[in-house]
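To start, the structure itself, in structure tokens.
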Amino acid sequence: MQFTLQKTDDKTSARAGEIITDHGKIQTPVFMPVGTAGTVKGVHMRDVKEDVKAQIILGNTYHLYLRPGMKIIEQAGGLHRFNGWDGAILTDSGGYQVYSLSGTRKLDENGVLFRSHIDGSKHQFTPENVIDTQHSLGSDIMMAFDECTPYPCHYDDAKKSLDITHKWLARCVKREEETEPKYGYSQSLFPIVQGSTFRDLRIASAEEIASYGADGNAIGGLSVGEPHEVMYEMTELVCGILPNDKPRYLMGVGTPENILKSIALGVDMFDCVIPTRNGRNGMLFTKNGIFNIKNKKWENDFNPVDPEGTSFVDHLYSRAYLRHLFSARELLGGMIASQHNLAFYLWLMREARQHILNGDFSSWKAMMIPRVKQRL
RNA sequence: GGGGGGAUACCGAAGCGGUCAAACGGGGCAGACUGUAAAUCUGUUGGCUUAGCCUUCGGAGGUUCGAAUCCUCCUCCCCCCA
């Protein structure tokens with residue numbers, strides 16, 4: 001994997017760049033649709049590629065390990081071959097599940113003991129087997145196994161957790177060096193900065209992570225309930241330490257506003273379930289604001305879903321029809337909303353990139369944020 | 001023709017003398033969702049000048065300090081027998 005920094009904004013820390021993977025080029029800043037179980041929920045891969053214009057999508061180690069299991073994925077020839085997505089794939093390590101499934105797991109020195117949310121069976125995740133699993137998945141970008149801390153988090157707990165994350169990282173890197181990709185193309189490993197909301201921990205972590213000289217670096221443990229200002233503060237702090245010549249990935253973020261503000265802080269890569277999950281629940285994002293398609297006000301609005309949208313669904317269907325689909329709990333409703341939201345997110349990223357290249361990102365962002373966050 | 005069972009809020013359905021503006025579902029209305037155990041979850045759902053008041057449990061009367069609950073008549077629906 002190669003990263004080329006093409007331009008840095010004069011007034012902010014926003015950057016435009018390009019990542020080259022063995023599954024294609026990725027122009028940054030980039031938004032990566034989340035495909036936890038090997039599917040971007042509700043959207044065909046053809047549309048993820050051609051209509052949404054995604055360049056890279058996510059997969060999840062924990063979920064794919066439990067089902068269908070690595071035997072099946074390996075028989076398929078890797079995740080790309082299995083799910084029909086031939087673009088780049090980034091796999092999360094399962095570190096987020098250490099946080100989100102905290103009720104069904106136990107940490108020990110070696111790793112994490114999970115209780116499967118599917119059948120209750122016990123499984124151990126270690127830095128080593130998480131790397132092995134990601135080799136079986138064949139993702140272009142593998143994530144280090146980390147512990148995503150909850151918010152709020154006591155300082156001592158955050159520090160203890162950070163030490164574990166750093167120890168696990170060393171083991172991930174060692175394992176990665178000792179093993180080979182399985183499918184004939186290269187895989188990069190991104191380490192993850194943790195440290196909760198504590199400046200000194202974040203600084204120490206960012207320095208530790210930077211010392212590895214990885215192909216790219218991630219910021220984790222944010223957007224877990226802390227105030228947005230704290231999230232931006234930590235992001236800015238960490239971006240100032242992580243190397244300039246490598247992509248920075250802010251994990252799990254966020255709303256269009258969160259993303260634009262974080263681009264300005266120097267982040268290059270984003271992922272978030274909001275466009276798909278909130279879309280399935282009726283929330284639509286547009287360049288003119290956010291609305292809930294389930295609301296009565298759209299009942300007889302026969303205008304297109306999004307007259308300025310880039311997806312075919314924006315023009316083929318009306319708001320009244322989409323509302324009807326949600327009212328009737330028709331599957332197509334969530335599919336349309338997901339595809340629309342993703343297309344909007346990807347459009348927003350292309351625009352941001354273009355304005356960075358044009359040199360007017362700052363003013364464009366100032367104009368755009370109030371627009372995209374308003375409620376319609 | 002004979003016998004029996006019902007009618008409760010938008011719908012279905014509990015309640016069978018006071019703690020009932022009335023459980024629970026559905027539907028309606030609104031909210032939440034940030035490296036997805038989520039096509040899920042939460043709130044709300046008679047009216048108003050909202051610590052209270054008014055109207056409401058098929059209709060009309062009655063018993064009672066007090067009735068969705070008991071009695072009488074009426075209207076409509078369902079089941080069984082002929």
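In what follows, chains are A, B, ... by sequence order, proteins preceding strands, each numbered from 1.
- Across all strands shown, B/A13 forms no Watson-Crick or G-U wobble pair with both key distances under 3.5 Å.
- Closest contact between the side chain of A/Val253 and the listed nucleotides B/G31, B/A37, B/U34 involves B/U34.
- Note: CZ (A/Phe326) to P (B/G31) measures 14 Å, nearest angstrom.
- Nucleotides B/G17 and B/C71 are separated by 11 Å at their P atoms, to the nearest Å.
- Look at B/U40: its Watson-Crick or wobble partner, with both distances under 3.5 angstrom, is B/A32.
- Separating the CE atom of A/Met283 from the P atom of B/U36 is a distance of 19 Å, rounded to the nearest angstrom.
- With sequence neighbours excluded, no residue forms a ring-ring contact (aromatic ring centres under 6.0 Å, His included) with A/His135.
- Remark: A/Asn278 is not in phosphate contact with B/A32, judged by side-chain N or O atoms under 4.0 Å from OP1 or OP2.
- In this structure, the CG atom of A/Asn292 is 11 Å from the P atom of B/C29, given to the nearest Å.
- Taking 4.0 angstrom as the limit, A/Thr36 places none of its side-chain polar atoms (N or O) nearer than this to OP1 or OP2 of B/G35.
- Side-chain N/O atoms of A/Gln97 include none lying less than 4.0 angstrom from OP1 or OP2 on B/G35.
- Taking atom CD1 of residue A/Ile293 and atom P of nucleotide B/A30, one finds them 12 Å apart after rounding to whole Å.
- A/Arg280 places its CZ atom 13 Å from the C1' atom of B/U34, with the value rounded to the nearest Å.
- The residue A/Gly334 sits apart from the nucleic acid: no heavy atom pair falls under 4.0 Å.
- Counting non-hydrogen atoms under 4.0 angstrom, A/Leu222 reaches nothing in the nucleic acid.
- Among the atoms of the strands shown, only primed sugar atoms or phosphate atoms (P, OP1, OP2) are found under 4.0 Å from some heavy atom of A/Arg375.
- Of the candidates B/C33, B/G35, B/G31, the closest approach to any side-chain atom of A/Arg277 belongs to B/C33.
- Side chain A/His228 to base B/U34: a donor-acceptor pair is found below 3.5 Å.
- Base-pair partner of B/G27: B/U45 (Watson-Crick or G-U wobble, both distances under 3.5 Å).
- An OP1 or OP2 oxygen of B/G27 is reached within less than 4.0 angstrom by a side-chain nitrogen or oxygen of A/Arg329.
- Across all strands shown, B/C76 pairs with B/G6; the Watson-Crick or G-U wobble distances both stay below 3.5 Å.
- When each of B/U34, B/G35, B/C29 is scored by its nearest atom to the side-chain atoms of A/Lys296, the top-ranked nucleotide is B/C29.
- Within the nucleic acid shown, A/Gly225 has no heavy atom closer than 4.0 Å to any nucleic acid atom.
- Going from the C1' atom of B/C16 to that of B/C57 covers 12 Å, rounded to whole Å.
- Nucleotides B/U72 and B/C79, compared at atom P, are 26 Å apart to the nearest Å.
- For the C1' atoms, the distance linking B/C78 with B/A21 amounts to 30 Å, nearest Å.
- One hydrophobic cluster holds both A/Ile274 and A/Val40 under the rule that ILVMFWY side chains link at heavy-atom gaps under 4.5 Å.
- Taking the C1' atom of each, B/U40 and B/G46 are spaced 31 Å apart, rounded to whole Å.
- Residue contacts for A/Ser116: at a heavy-atom cut-off of 4.0 Å it reaches no nucleic acid atom on any strand shown.
- Out of B/A37, B/A38, B/G28, the shortest distance to the side chain of A/Lys41 is found at B/A38.
- Whole-Å rounding puts the A/Glu147 CD to B/G35 C1' distance at 14 Å.
- Hydrophobic clustering keeps A/Leu242 apart from A/Tyr249 (ILVMFWY residues linked when any side-chain heavy atoms are closer than 4.5 Å, directly or through intermediates).
- The side-chain tip of A/Arg319 points at the ring of A/Phe291 from less than 6.0 angstrom away and within 45° of straight on.
- Within the nucleic acid shown, A/Gln194 comes within 4.0 Å of at least one base atom, counting heavy atoms only.
- Between A/Glu330 and A/Met231, the residue anchored closer to the 5' end of RNA chain B is A/Met231, taking for each the nucleotide with the nearest heavy atom.
- A/Asp108 and A/Asn110 share no donor-acceptor pair across their side chains, judged by distance under 3.5 Å alone.
- In this structure, B/U63 makes no Watson-Crick or G-U wobble pair, since no nucleotide meets both defining distances under 3.5 angstrom.
- A/Asn281 comes within 4.0 angstrom of a base, heavy atoms only.
- Within the nucleic acid shown, A/Asp146 comes within 4.0 Å of at least one base atom, counting heavy atoms only.
- Between A/Asn258 atom CG and B/C33 atom C1' there is a gap of 13 Å when expressed in whole angstrom units.
- Only the P atoms considered, B/G15 is 15 Å distant from B/C24, to the nearest whole Å.
- Looking at heavy-atom distances under 4.0 Å, A/Thr276 makes contact with a base.
- Counting to the nearest Å, the C1' atom of B/G35 and the CD atom of A/Gln134 are 12 Å from each other.
- Under the side-chain contact (heavy atoms from CB on, under 4.5 Å) rule, A/Trp347 has a single partner from A/Thr286, A/Val52, A/Thr310, which is A/Thr310.
- Relative orientation of the A/Phe361 and A/Trp364 rings is tilted, given thresholds of 30° and 60° on the angle between their planes.
- For A/Lys294, whose side chain is taken as the heavy atoms from C-beta onward, the closest listed nucleotide among B/U34, B/A37, B/A32 is B/A32.
- Atom CZ of A/Arg81 is surrounded by 12 or fewer heavy atoms from other residues, nucleotides or ligands within 6.0 Å.
- The C1' atoms of B/A9 and B/U45 are separated by 10 Å, rounded to the nearest whole Å.
- The environment of NE2 in A/His154 is sparse: at most 12 heavy-atom neighbours from other residues, nucleotides or ligands sit within 6.0 Å.
- Backbone-only engagement by A/Asn295 is indicated by non-hydrogen atom pairs under 4.0 Å involving sugar-phosphate atoms exclusively.
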